[in-house]
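Below is one structure; the comments refer to it alone.
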Amino acid sequence: MVVREDFPVDKQFIASPVKSAVDKFQLLPEFLKLQVRGLVKQHLDSFNYFVNIGIKKIVEANNRITASSDPNFYLKYTDVKIGTPSITADNVTDTLTPHICRLSDMTYAAPIMVNIEYVKKFCDQITIEKKENVVIGRMPIMLRSCCCVLYGKDEAELARLGECPLDPGGYFVVKGTEKVILIQEQLSKNRIIIDTDKKGCLNASVTSSTEATKSKTIILMDKGKIYLRLNAFVKDIPIMVVMKAMGMESDQEVVQMVGRDPKYGALLLPSIQECAGHGIYTQQQALEFLEKKVKKFSFSNPALEKEGRAMDTLRNVFIANVPVRQNNFRPKCIYVAVMMRRMMEAFLNKDAMDDKDYVGNKRLELSGQLISLLFEDLFKTMNSEARKSVDLQLAKVNRSVPVDIARYIVKDSITYGLERAISTGNWDLKRFRMHRKGMTQVLARLSFIATLGHMTKISPQFEKSRKVSGPRALQPSQWGMLCPCDTPEGEACGLVKNLALMTHVTTDDEEGPLISLCHSLGVEDLELLSAEEIHTPNSYLVIFNGLILGKHRQPKQFANALRKLRRSGKIGEFVSVYVNERQRCVYIASDGGRVCRPLVIADKGVSRIKEHHMKELMDGVRSFNDFLREGLIEYLDVNEENNALIALYEGEAEPETTHIEIEPFTILGVCAGLIPYPHHNQSPRNTYQCAMGKQAMGNVAYNQLCRMDTLLYLLVYPQRPLLTTRTIELVGYDKLGAGQNATVAVMSYSGYDIEDAIVMNKSSLDRGFGRCIVMKKLSAINQRYPNDTSDRIIRPQKVRSNAEKILDADGIAAPGEIIRPHDIYINKETPVNTRDKFTSPTGLPDSAYKSTRQTYKGPQGETAVVDRVALCSDKDNNLCIKFLIRHTRRPEVGDKFSSRHGQKGVCGTIIQQEDFPFSERGICPDLIMNPHGFPSRMTIGKMIELLGGKAGVSCGRFHYGSAFGEPSGHADKVEAISETLVRHGFSYNGKDFIYSGITGCPLQAYIFMGPIYYQKLKHMVLDKMHARARGPRVMLTRQPTEGRSRDGGLRLGEMERDCLIAYGASMLIFERLMLSSDPFEVQVCRVCGLLGYYNHKLKTGICSTCKSGDHISKMKLPYACKLLFQELQSMNVVPRLKLTEA
Amino acid sequence: MPRVSALDLPDVPKGHLPPHLELQRTRVLCASDAPTHTETIQYSGAYASVGVDNSLRLDQFCRDFRVEVIRLTEDDMEFDMVGIDPSLANAFRRILIAEVPTMAIEKVLIANNTSVVQDEVLAHRLGLIPIKVDPRLFEYMSENDTPNEKNTIVFKLHVKCKIKGPRLTVKSDELKWLSNGSELPLEMESHTSDPASKQKTYTAFTCSQVSLPEFSNNPIAPKHQDIIIAKLGPGQEIELEAHAVKGMGKTHAKWSPVSTAWYRMLPEVVLLQEVEDEMAEELVKKCPVNVFDIEDVGKGKKRATVARSRACTLCRECIRGEDWEKRVALRRVKDHFIFTIESTGALPPEVLFTEAVKILEDKCERVITELS
Ligand code: SF4
């Protein structure tokens, strides 16, 4: 296997400490490298599924366009495929690479090609023609998916394409920006969910989703009676009426279907009585009753009118996922009965209620599914447009023009539709009644971890404002599937989640073969069962993807047989089989969007993976897939986990144990995986770090210096953490670090370290600690105007002014030049007249241009450098000039730093090295942290990190601190670390004898000192500090502007005003609110109380209402107040000023 | 205990300190929880009540003060300084770090840089390269000085990686000394000045530095030849000129003549009780730096002795655990400093120290003149 070399398995693995019985850790790197890159495998799988299978299904389902006037006139799609990413401009086709697209603001998309067969009509002559590889649009391509040019490339090839080998892919490049389609969390489709509504009514609901329709059916229990609630009906319908309408005329049979147990019958009785009360006994009566309740639609389909809308609704809308074949409503009746039975069970026993927050009831919608929805909608729209045009054309009398359907296929609508949706994030699909916003986000490129974290982010189904705690709470079923630490703080807390390291999200699996397999494994078909037989004891219902297949008398054996087949690879590895004893059901699921994770299979508590398997894996003769194929490992989804007894470690396995975890630290996600010893920290600290790790500066990607991001933060000398974790090595954080190992002394120093501030050593900063590079993009467009004139860039004058100094001869700033505020970076001129036509638009005289040069605005006194200048043409073929401005900064007072334990702090002061304390060995800390940071935060992990780091530097081996890693040897134990420390002459507790650098005497305490990995966060004072004396004002109100970017004033807000009022500083209030803001002198008429004006000729104020200047007084008002008066007047409200003294 | 009036207590003997006070005065006691008596008692009348004069006497200082060089290599030295106050020892340390001048690259004129290393990062890296030259031969350059042969050293670096070649690592040996000053022409406002006159450059050397006797057979170069400055890919090139000037460590760490300089107080390990047999073995095993030895006292009895107390790193292993603090005492001698200087290479460490002494002398003189 050649692949092994490029994989980040540490070389130190062999030297690592203690081994568990069989160390299964090596499976992890194997899992993660499986196919392309494991971390975003869910995205790639989903997209690959769409591109390979989904799109074919969609096209096949809508493969015929037939002219409505002439059924012989048709177009048929015979095949569809997606080509390689390329762009065709001026009839030249160039292949695209993602990096080219990023740099030149293009969309990384590939043509969608179809084979068609169509009818051509020429002078009533009908011919059938075939065409291949007709392009119907361009599909944005997910990076590293099977259509991408990066697919299967090795590191060197990727480097040649300008791509970072550690970049996970899984996102799109649309118009030059990288866009991620977030994973969407949703409630399961086609599953019965028992819940209570707002009024406390028990209900069973099914959200049906089939290719044809989407509907929500609710059966609810109100005051003991059972009703159906469906959008298509105006009112709630008694359930017995529905049953009768579906042909279930015998009440007895309904009772039998629900269950013969009298407790169910008793609950059904009120409903039966109500139905009888309405006088409905036959199907006919029931349908008539329903007909009155069906919502009327404006359009009417004559075909439906015949049968009756009620029947149609029951057939197509009501629990739409249960198909009705040959007018056989029996499956639907049984489904309703099962729903009612579940509801009654919940009524009798509250525990039977379903938990909406249970992960097993959730489905994750991935980019593939979302794009396929979008594509389906656009494809159908395109087809109907084509049909309309053809109809129009056929209706025309002129037959001499050939009518050619293929010509009416416009490819732009699909291209633009896809592009627009991905770049705005708005999924507006009328056809599926879907209006969702914010589905995509710009990929966070702040740090490598931010990028990875963004790819695993799950966006919630609920709106964030809901004040419920349920969905936000940590669910036990999230174990191993969703990271328990990584969630934002604030309003989205607990709603936005992140996938754990080993989680896989399934894609759809073929249903047909599985169904027939179930039947051959002894599932008794529903059709053949009498109503009574359904619920006989000792038999379980078999439910496949929410559809009742039948029943089975030996559910355990049935489940085991299915599992055996799965383990031997006969059926898909992601099919889940789950026996629910309480509901007496066997659930089989093969649908997409379920979360699952791999586990080691154990027989009677003995792991199937043996030493020799692992050895073969290490030697490279065995892959993760081999483990799967040989039934050593299997994927379990959340539901099936309920049937398993999973041991954490092999040693803890009991005879009943069915599975063993691969590695406990995989319950955490990528972001939380960076934290060393997270299991020793207080839990919120880990959550804080997850948020902060995304703001840390460091390396972004190997190609970071070739990128043109709007804002890029880099660290000049990033380091690999001394205390690593396995996750760090797996995801490649050790190659793209975001921080530096700082020697930290935990002590108090000066007064500048209160409130978590840190004291820094100036010499460390001199030597490059915390130095960072900020790159900003500036751009200019050489616009072309409708009258064919265009902007021009001209060379600077011979004798250059100071501001023109950095311009090259072409009028564009030269790379490498130092750029200061007010420097011109592009010497551009715009034609004065951009509307009227000129005879020679290119040869305008100089006087016809006005200067629109652009000057650099940045912090005063800082020297930034023009890093790169790129010229490209944008989508309108205008010349676009992009400048990358680089600014290298050393830390200053106020810059924010944080360790990996949610301990953030700003730099409080910078102190000379000679004033810093030093140890017996001459070690001087890089920064000093106040010990008050520890007691309330309880971040023991940080202390262990310090110890481990210290031991690491003294013995020359990277130490590990993986979560829960002590038993399996993925984290060094404190005892062992202490021993190492002692061996190298340090105290076991990490505290050193320190001399004060100021007095030269030893300090009266031993100081806890050692290296801790510190991150520099993106919040820097230089970008935030702001003060203003006088400055710009807003035009409308004449008050000072707001915000730093507009050089705004600092607001004296309501609360500050309250303080001043309470204090009684009236003159100060007057000065702040009026004189320093928007004083204005007005002329007030004492008679009418309205505002007048000042006549400069007559040198007197005049009231325009009274037409006289006799009773005018001058007074001062805030301009905003004057504005208010005038606005009120414009609304016919007259504010009058009554002056007491004038 | 019977109550005794304070007046009835026997007199404290006058003239010398009682042993416990003497111990506190001269030793830092390193207990397992925290060191105590770390401060030095400077007040001359601190022990007046027992009739001890604590003032510092010059003749006594001259008699007791002693410097003993333990180790001296090209770049670092270790010496003992006995009979001195920590504040003085610290003054030397501080001066060494921050106030002894050296030469370091301060200005970098970049003519071309197509490498991946950004200009300012490259300049920063160059600045940190220690230069082997005696800074005493140069003058400080103040703000409006023109760079000349007395205050500036010019280096040139011009490397190019061949288009079809392997990657190239630029090391500090590529920095070439330009004894005649800068070669880059100064950009003038008027280019029309007569071409015959010598092009002005960024420096104004009156003579070549090679002609100066100090450098004639001692060319200026970076101290180490293998410091990595940058790495070049095929076709990349760096061309620059670096100007080194004299400066002090307090301005920027690059001018610090030492990687670090520090001292530690002489460790003193005392056995308070006889530690014998298994205990002795345990004690010997405890110490990671072998401070203790075992001595045979005959009759098969063994006893622990303190053999190499100087090596003690104060890991406090020997006083860890029950009762060990009763047996072993860790102390530091307050007026005995083991001083270490690690030079960056501009000057040998012993010269650095004498320079530091001179600077302190200067300072004292300045204080005296200011006071008088
Ligand atoms: S403190 Fe440590 S090094 Fe010193 S004597 Fe005791 S054990 Fe040995």
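Only this structure's heavy atoms are used, side chains among them; waters, hydrogens and symmetry mates stay out. Source: prediction; values computed, not measured. Chain identifiers are assigned alphabetically (A, B, ...) following the order of the sequence lines, protein sequences preceding nucleic acid strands; residue numbering begins at 1 within each chain.
For the atom pair CG of B:Leu157 and CD1 of B:Ile229, the computed distance is 5.5 Å after rounding to the nearest 0.5 Å. In this structure, B:Thr251 OG1 and A:Asp766 CG are separated by 9.0 Å, a value rounded to the nearest 0.5 Å.
In this structure, a donor-acceptor pair under 3.5 Å is absent between the side chains of A:Glu163 and A:Asn703.
Looking only at distances, no side-chain donor or acceptor of A:Asp709 sits under 3.5 Å from a matching main-chain atom of A:Leu711. At distances below 3.5 Å, at least one donor-acceptor pair connects side-chain atoms of B:Thr102 with backbone N or O atoms of B:Trp255.
Contact annotation for B:Glu39: both backbone and side-chain heavy atoms come within less than 4.5 Å of a heavy atom of chain A. If you measure heavy-atom distances from B:Gln118 to chain A, the contacts under 4.5 Å come from both the backbone and the side chain. The parts of B:Tyr263 that come within reach of chain A are both its backbone and its side chain, each placing non-hydrogen atoms under 4.5 angstrom from that chain. Only the backbone of A:Ser919 comes within contact range of chain B, judged by heavy atoms closer than 4.5 Å. Residue contact with chain A, scored on non-hydrogen atoms closer than 4.5 Å, involves the backbone and the side chain of B:Val116 alike.
Residues of residues 83-96 of chain B that come within less than 4.5 angstrom of chain A, heavy atom to heavy atom, are B:Pro86, B:Ser87, B:Asn90, B:Arg93, B:Arg94 in numerical order.
Every residue two or more places apart in sequence or in another chain that forms a salt bridge (charged side-chain N to carboxylate O under 4.0 Å, His left out) with B:Lys254 is listed here: B:Glu106.
Below 30°, between 30° and 60°, or above 60°: for B:His124 and A:Tyr717 the angle between ring planes is between 30° and 60°, a tilted geometry.
When the options B:Glu325, B:Arg320, B:Arg316 are evaluated for a side chain to side chain donor-acceptor pair (under 3.5 Å) with B:Ser32, the one that passes is B:Glu325.
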